[in-house]
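The next block holds one structure in the form of structure tokens; read it before the comments.
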Amino acid sequence: MIFRRHFYALAVLSAAALVAGAVPGHAETRTVRIAKQYGISYLPLTIMQEKKLLEAEGKKLGLDLSTEWVRFTGGPPMNEALISGNLDFASGGVGPLVTIWARTQNNIKVKGIAALNAMPLYLNTINPNVKTIKDFTEKDRIALPAVRVSIQAVVLQMAAEKVFGQGQEHKLDTLTVSLSHPDGLAQMMSGKSEITAHLTSAPYQYEELDDKRVHRVLNSYDVLGGPHTFNVVWANAKLYQGSPKLVQAFLAALGEAMKEIKADPHAAAELWVKADRSKLPVAEAEKIIRDPENQWTMTPLRTMAFADYMARVKMVPVKPASWKDMFIDAVHNLPGS
């Protein structure tokens with residue numbers, strides 16, 4: 001795995017950069033590099049981007065900011081970019097956050113900045129013979145963003161452990177294939193690909209279920225025992241300790257985006273469809289935004305369930321004592337878990 005091969009070398013280089021520090025006098029004028037992935041779950045970041053909310057909040061604090069937005073297909077390559085110094089803020093599933101938090105405790109000390117949402121992940125299939133995960137065979141292939149390490153992969157492992165027993169968490173890993181959400185949807189729906197199932201997120205999971213050939217096999221809320229954080233934003237200590245005003249501006253901008261989503265879901269849907277060049281009708285996007293199972297919140301929910309599992313099966317070398325260990329002090333007042 002590229003991420004693991006280069007992880008420690010990149011961490012050493014980034015730690016050296018952290019020690020060297022920033023040049024005095026230049027901390028308040030900068031281009032902020034922010035990464036996001038595919039899907040409506042990144043709506044708060046899309047609103048921040050389109051309305052330049054970070055730039056506006058920065059001005060209030062005396063910061064002259066510009067933003068550079070980049071898109072990745074999964075958490076691992078994003079973590080590699082963060083470690084190598086090519087990103088300021090990364091965003092993705094809880095799994096990649098737990099991974100990079102645990103593996104950077106002795107160097108760049110990555111922590112979560114805030115949650116972006118709480119949303120379920122669906123495992124859908126086009127194979128009529130698959131009713132539960134027990135029914136998958138070697139003829140099936142399950143698309144997800146990154147095998148073994150994405151939040152979707154971790155959810156599948158947790159589900160496998162529950163169904164097949166302890167020590168069997170990787171039973172379905174050999175059936176998984178790394179594909180972006182759009183590619184996973186397209187290949188499964190074509191009916192001509194090896195992909196017969198897709199563990200994905202909004203809006204793709206809902207789009208798939210609109211087709212009568214598709215049915216849901218798994219809901220991550222059932223695996224985790226209730227609503228859980230899907231996406232989070234994270235950064236390294238050089239940023240959250242060295243640029244506290246920038247982090248303050250980011251949190252204020254994210255908070256404003258959350259308010260706008262709740263105040264006018266229709267406007268938020270219109271903005272997202274246009275910005276993402278989505279073929280999804282605005283009415284369908286608004287329906288997803290308004291769905292009670294999709295929560296727009298900065299509060300981390302059930303992140304410890306992921307961390308507990310990942311530490312127990314040795315996916316990560318250390319387990320946080322509390323969700324607060326994985327997140328910056330500025331959000332410790334939230335009712336997280």
Side-chain angles (χ1 to χ4, degrees), residues 1-12 14-15 72-84 90 92-112 115 121 123 133-134 136 141-178 199 218 220-226 228-232 234 236-237 300-327 336-337:
M1 185 180 294
I2 292 174
F3 175 65
R4 289 185 175 175
R5 282 206 302 268
H6 296 301
F7 190 94
Y8 292 106
L10 292 169
V12 169
S14 298
F72 287 78
T73 58
M78 193 177 297
N79 276 343
E80 187 172 341
L82 183 70
I83 291 167
S84 63
V94 178
L97 167 62
V98 174
T99 298
I100 195 169
W101 171 84
R103 293 179 178 168
T104 60
Q105 291 303 290
N106 297 320
N107 39 70
I108 62 173
K109 301 184 186 301
V110 171
K111 284 191 176 184
L121 308 173
L123 172 57
I133 63 172
K134 287 183 177 181
F136 284 114
R141 289 296 180 268
I142 304 168
L144 41 74
V147 300
R148 296 183 71 92
V149 294
S150 65
I151 185 173
Q152 287 86 356
V154 174
V155 165
L156 185 61
Q157 291 163 20
M158 295 172 76
E161 184 183 60
K162 282 190 172 185
V163 171
F164 300 112
Q166 282 202 341
Q168 298 297 308
E169 62 272 3
H170 297 298
K171 188 175 179 67
L172 300 176
D173 284 2
T174 57
L175 304 182
T176 60
V177 178
S178 295
L199 184 40
L218 188 74
S220 63
Y221 278 7
D222 295 332
V223 179
L224 273 289
H228 62 78
T229 293
F230 171 28
N231 300 122
V232 290
W234 59 89
N236 63 33
L301 297 175
R302 287 184 168 83
T303 57
M304 281 301 295
F306 289 102
D308 287 343
Y309 166 78
M310 293 174 72
R312 180 164 52 78
V313 300
K314 310 299 183 185
M315 287 182 70
V316 293
V318 62
K319 186 183 88 170
S322 162
W323 71 270
K324 293 180 180 179
D325 291 348
M326 295 189 293
F327 286 84
S337 59

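Along the sequence shown, residues carry numbers from 1.
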Next item on the list: List in chain and number order the residues that pass salt bridge (Lys or Arg N to Asp or Glu O under 4.0 Å) with Glu169, two or more places apart in sequence or in another chain; answer none if no residue qualifies.
Entry: none

Margin query: Holding to salt bridge (Lys or Arg N to Asp or Glu O under 4.0 Å), I want the full list of residues that pass it with Lys319, two or more places apart in sequence or in another chain.
Written below: Asp308

What distance separates [X] [atom1] from [Y] [atom2], expressed to the nearest 0.5 Å?
X      : Y      : atom1 : atom2 : result
Ile100 : Gln105 : CD1   : CD    : 10.5 Å
His170 : Leu156 : NE2   : CG    : 11.0 Å
Leu172 : Phe136 : CG    : CZ    : 7.0 Å
Ser322 : Met304 : OG    : CE    : 6.5 Å
Thr176 : Gln152 : OG1   : CD    : 11.5 Å
Leu123 : Ile133 : CG    : CD1   : 8.0 Å

Item checked: Residue that, paired with His228, satisfies ring-ring contact (aromatic ring centres under 6.0 Å, His included) out of Tyr221, Tyr309, Trp323 -> Tyr221

Does some side-chain heavy atom of [Y] sit less than 4.5 Å from a side-chain heavy atom of [X]?
X      : Y      : answer
Val316 : Trp101 : no
Val163 : Lys171 : no
Gln168 : Glu161 : no
Thr104 : Asn236 : no

For the residue pair [X] and [Y], what are the closest heavy atoms and their distance?
X      : Y      : answer
Ile151 : Gly95  : CB-N, 4.0 Å
Pro145 : Ser178 : O-CB, 3.8 Å
Val98  : Ala307 : CG1-CA, 4.1 Å
Arg103 : Pro317 : CG-CD, 4.1 Å
Leu218 : Ala159 : CD2-CB, 3.9 Å
Ala146 : Ser150 : O-OG, 2.8 Å

Between the main-chain N or O of [Y] and the side-chain N or O of [X], is there a donor-acceptor pair closer than 3.5 Å?
X      : Y      : value
Thr303 : Ser337 : yes
Arg148 : Met315 : no
Thr229 : Leu301 : yes

Notebook entry, point to check: Are Phe327 and Val232 close enough, and set up right, to give a side chain to side chain contact (heavy atoms under 4.5 Å, CB included), and what steps lead you there?
Noted result: CA-CA 10 Å; Phe327 286 84; Val232 290; 4.0 Å; yes

Notebook entry, point to check: Do you see a donor-acceptor pair shorter than 3.5 Å between the side chains of Trp234 and Asn79?
Noted result: yes

